[in-house]
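To start, the structure itself, in structure tokens.
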Amino acid sequence: MAATADCDVMMAPAEPERSAEEREREAEAYKERGNALYSQKNYSDAYNYYTKAIDCSSKNASYYGNRAATLMMLGKFREALEDAQQAVRLDDTFVKGHQREGKCHLTLGNAMAATRCFQKVLELEPNNEQTRQELKNAAALLEYERIGEADFEKRDFRKVVFCMDRALEVAPACHRFKILKAECLALLGRYPDAQSVASDILRMDATNADALYVRGLCLYYEDCIEKAVQFFVQALKMFPDHQKARLACRNAKALKAKKEEGNQAFKEGNYELAYRLYSEALSIDPNNIKTNAKLYCNRGTVNAKLKKLDEAIEDCTNAVKLDETYIKAYLRRAQCYTDTEQYEEAVRDYEKVYQTESTKEHKQFLKNAQLELKKSKRKDYYKILGVDKSASEDEIKKAYRKRALMHHPDRHSAATTEVQKEEEKKFKEVGEAFTILSDPKKKARYDSGQDLEEDGMNMGGE
């Protein structure tokens, strides 16, 4: 067996370990380069050089302070806070370190911690006017937070939004304030605005349970209940103790189930059960305006089927109070107004519908209501004879004879002059009514709302 030859491997000489003094000089050089880049507003490269300086000399407070300043300019306040805290741990007399830590706390919405930092600065530099102003800002932030929380409990959501807007001027990176604002925007029905705030947070932190909850809340209030539940479930995966997400998820599921049960009962013709189920659904969450508007309209339809027209009108009125754009509720109420001969109200509702959706169908509804209103202002010949509009020719004749005999002047010859005049007037109206309703052509024109003045008939009211 051939012997293998041994080869000498050339090893690269190890770099001599630099002295502490050399490392300090190198760190200072990196810091100076970082300072130059910072002054040029090249914050990303400045960050890299400050990091190199820290790698060379990790016990220098100013390097962490400078990197904190750079991270603040990059909008990375949480990372900046860590560097500022490390800076003051290394040097408790480092004024800029305490200032930057306080500013990070303030920008992130922690006014109490910011106050402690600013007070430390004033211990070191009692005449620091900039820090005195920051202390005032921290106090204002605490006040906005206090008022906002109190107004949320009072359900004054507009005022909460105002307070959070002011607070975010001081603490623009505070997710807590943004979430509270977004939640209130959702409760005010300003869903696109609320979605925008929540989406901005999720772009930075896709696992933020509060933002996921607000996204779900917006979908829930827009009646997209299945999608809403998905967001609530996701929020609970991120934070299982999220009470608002848990409650909203429970309400969403209950509302969906109860509404579907009501719809099924309605389809089966069980109107009493449908009424009860829709009523139970309405009690689940008074804040869900869009779904509750649909529930009121559905219950109004049930009441109409049960011939409870006044209750149906009330339900449809509640629906349009919640959602002024809800065409179906206006149409349902207009039909109920027509059925109860409240024609002016019916015309108003059909006008609203036609202004919103100018379709041929809606135009015809409006024309029909206007015709009924016009007809209602004439003498009601059916009412004068005491018959229904579907009365036969024989029924009209019998009713005429009965009413003519009832109001004949000879029958009231012994009455007072006033009574005689009233009965004579009624007798003439009975004859006028019979003249129209006993003539098929005139009756058809009368029923269709056409004017009969060319026939010499007075169609106006007294």
Side-chain angles (χ1 to χ4, degrees), residues 155-158 186-191 218 220-225 251-252 254-256 258-267 269-359 361-377:
R155 304 183 64 78
D156 189 348
F157 302 126
R158 281 184 178 80
L187 291 166
L188 289 167
R190 293 169 59 184
Y191 307 121
C218 291
Y220 170 58
Y221 287 151
E222 290 182 289
D223 201 38
C224 300
I225 294 180
N251 283 347
L255 198 55
K256 180 174 181 288
K258 198 66 73 174
K259 183 182 174 187
E260 288 175 352
E261 287 174 27
N263 292 347
Q264 187 60 38
F266 181 84
K267 285 177 186 175
N270 192 341
Y271 301 129
E272 295 288 353
L273 177 59
Y275 178 89
R276 181 169 61 79
L277 290 167
Y278 288 140
S279 298
E280 289 174 4
L282 280 164
S283 70
I284 291 172
D285 185 359
N287 291 321
N288 196 322
I289 291 170
K290 208 154 191 175
T291 303
N292 287 345
K294 291 182 180 180
L295 289 168
Y296 272 121
C297 188
N298 288 1
R299 195 173 73 174
T301 305
V302 170
N303 275 322
K305 290 286 187 182
L306 293 169
K307 306 300 180 187
K308 298 178 179 179
L309 296 179
D310 289 339
E311 289 91 331
I313 289 170
E314 185 180 351
D315 275 341
C316 292
T317 299
N318 284 329
V320 298
K321 279 180 182 175
L322 293 176
D323 184 358
E324 292 181 355
T325 66
Y326 195 9
I327 297 297
K328 189 176 177 181
Y330 283 110
L331 289 171
R332 167 58 55 197
R333 186 171 70 174
Q335 183 59 56
C336 291
Y337 279 140
T338 301
D339 292 342
T340 54
E341 299 183 358
Q342 299 180 67
Y343 300 116
E344 289 188 4
E345 289 83 353
V347 167
R348 273 203 302 271
D349 275 355
Y350 284 129
E351 283 176 341
K352 172 76 174 178
V353 169
Y354 187 61
Q355 286 167 6
T356 307
E357 291 184 0
S358 303
T359 67
E361 184 183 27
H362 294 160
K363 186 176 183 179
Q364 190 58 50
F365 285 153
L366 176 57
K367 285 179 70 176
N368 293 345
Q370 289 169 334
L371 178 60
E372 290 300 323
L373 176 59
K374 178 183 174 184
K375 286 161 65 176
S376 73
K377 291 181 177 179

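Taking the salt bridge (charged side-chain N to carboxylate O under 4.0 Å, His left out) definition, one finds that K290 meets it with nothing, sequence neighbours left out. In this view, K367 satisfies the salt bridge (charged side-chain N to carboxylate O under 4.0 Å, His left out) rule with no residue, not counting sequence neighbours. Take F157 and apply the ring-ring contact (aromatic ring centres under 6.0 Å, His included) test, not counting sequence neighbours, and it matches F152. The salt bridge (charged side-chain N to carboxylate O under 4.0 Å, His left out) search around E361 returns none, not counting sequence neighbours. Remark: Y271 engages F266 in a ring-ring contact (aromatic ring centres under 6.0 Å, His included) (not counting sequence neighbours). Considering only residues two or more places apart in sequence or on other chains, R332 meets the salt bridge (charged side-chain N to carboxylate O under 4.0 Å, His left out) condition with none of them. Applying the side chain to side chain donor-acceptor pair (under 3.5 Å) rule to E357 yields no partners; only residues at least two apart in sequence or on another chain are considered. For Y275, the ring-ring contact (aromatic ring centres under 6.0 Å, His included) test picks out no residue, with sequence neighbours left out. Among residues two or more places apart in sequence or in another chain, the side chain to side chain contact (heavy atoms under 4.5 Å, CB included) test is passed with S376 by Y343, L373.
Side-chain N/O atoms of N368 and Q364 include a donor and acceptor closer than 3.5 Å. For the residue pair Y220/N251, the side-chain donor-acceptor check at 3.5 Å is not satisfied.
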For S279 and R299, run side chain to side chain contact (heavy atoms under 4.5 Å, CB included): C-alpha distance rounded to whole Å, both residues' side-chain angles, the deciding distance at 0.1 Å, then the answer. CA-CA 8 Å; S279 298; R299 195 173 73 174; 2.9 Å; yes
Determine whether V347 and E372 satisfy the following criterion, side chain to side chain contact (heavy atoms under 4.5 Å, CB included), listing intermediate values before the conclusion. CA-CA 9 Å; V347 167; E372 290 300 323; over 6 Å; no
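The minimum heavy-atom distance linking A312 with A304 is given by the pair CB-N, 3.8 Å. In this structure, K258 and L277 approach most closely via the heavy-atom pair CG-O, 3.3 Å. Nearest heavy-atom pair across V302 and A274 is CG2-CB, 4.0 Å. Closest heavy-atom contact between A281 and K259: CB-N, 4.5 Å. Across all their heavy atoms, I313 and C336 have their closest contact at CG1-CB, 3.5 Å.
Using modelled atom types, one side-chain atom of T340 and one backbone atom of Y337 make a donor-acceptor pair closer than 3.5 Å.
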Using atom types as modelled, flag every donor-acceptor pair under 3.5 Å from a side chain in residues 324-331 to any protein atom, sequence neighbours excluded.
{"unit_1": "T325", "atom_1": "OG1", "unit_2": "D323", "atom_2": "OD1", "d": "2.7"}
{"unit_1": "Y330", "atom_1": "OH", "unit_2": "E324", "atom_2": "O", "d": "3.2"}

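In this structure, OH in Y191 is found 10.5 Å from SG in C224, a value given to the nearest 0.5 Å. In this structure, OG1 on T291 lies 8.5 Å from CG on D285, to the nearest 0.5 angstrom. Note that CG of L322 is 10.0 Å distant from CG of N288, once rounded to the nearest 0.5 Å. Atom CG of D223 and atom CD1 of I289 lie 12.5 Å apart (nearest 0.5 Å). Of the inter-residue distances, the one linking N292 atom CG with N287 atom CG reads 9.0 Å to the nearest 0.5 angstrom. Atoms NZ and NZ, from K377 and K375 in turn, are 14.5 Å apart once rounded to the nearest 0.5 Å.
Applying the side-chain hydrogen bond (donor to acceptor under 3.5 Å, both in side chains) test to every pair with at least one member in residues 302-313, sequence neighbours left out, gives these pairs: N303-D315. Pairs passing the side-chain hydrogen bond (donor to acceptor under 3.5 Å, both in side chains) check and including a residue from residues 347-356, sequence neighbours excluded, read R333-D349.
Ion pairing between a basic and an acidic side chain is recognised when a charged N comes within 4.0 Å of a carboxylate O; K256 and E260 show such pairing.
Between Y278 and N263, some side-chain heavy-atom pair lies under the 4.5 Å cut-off.
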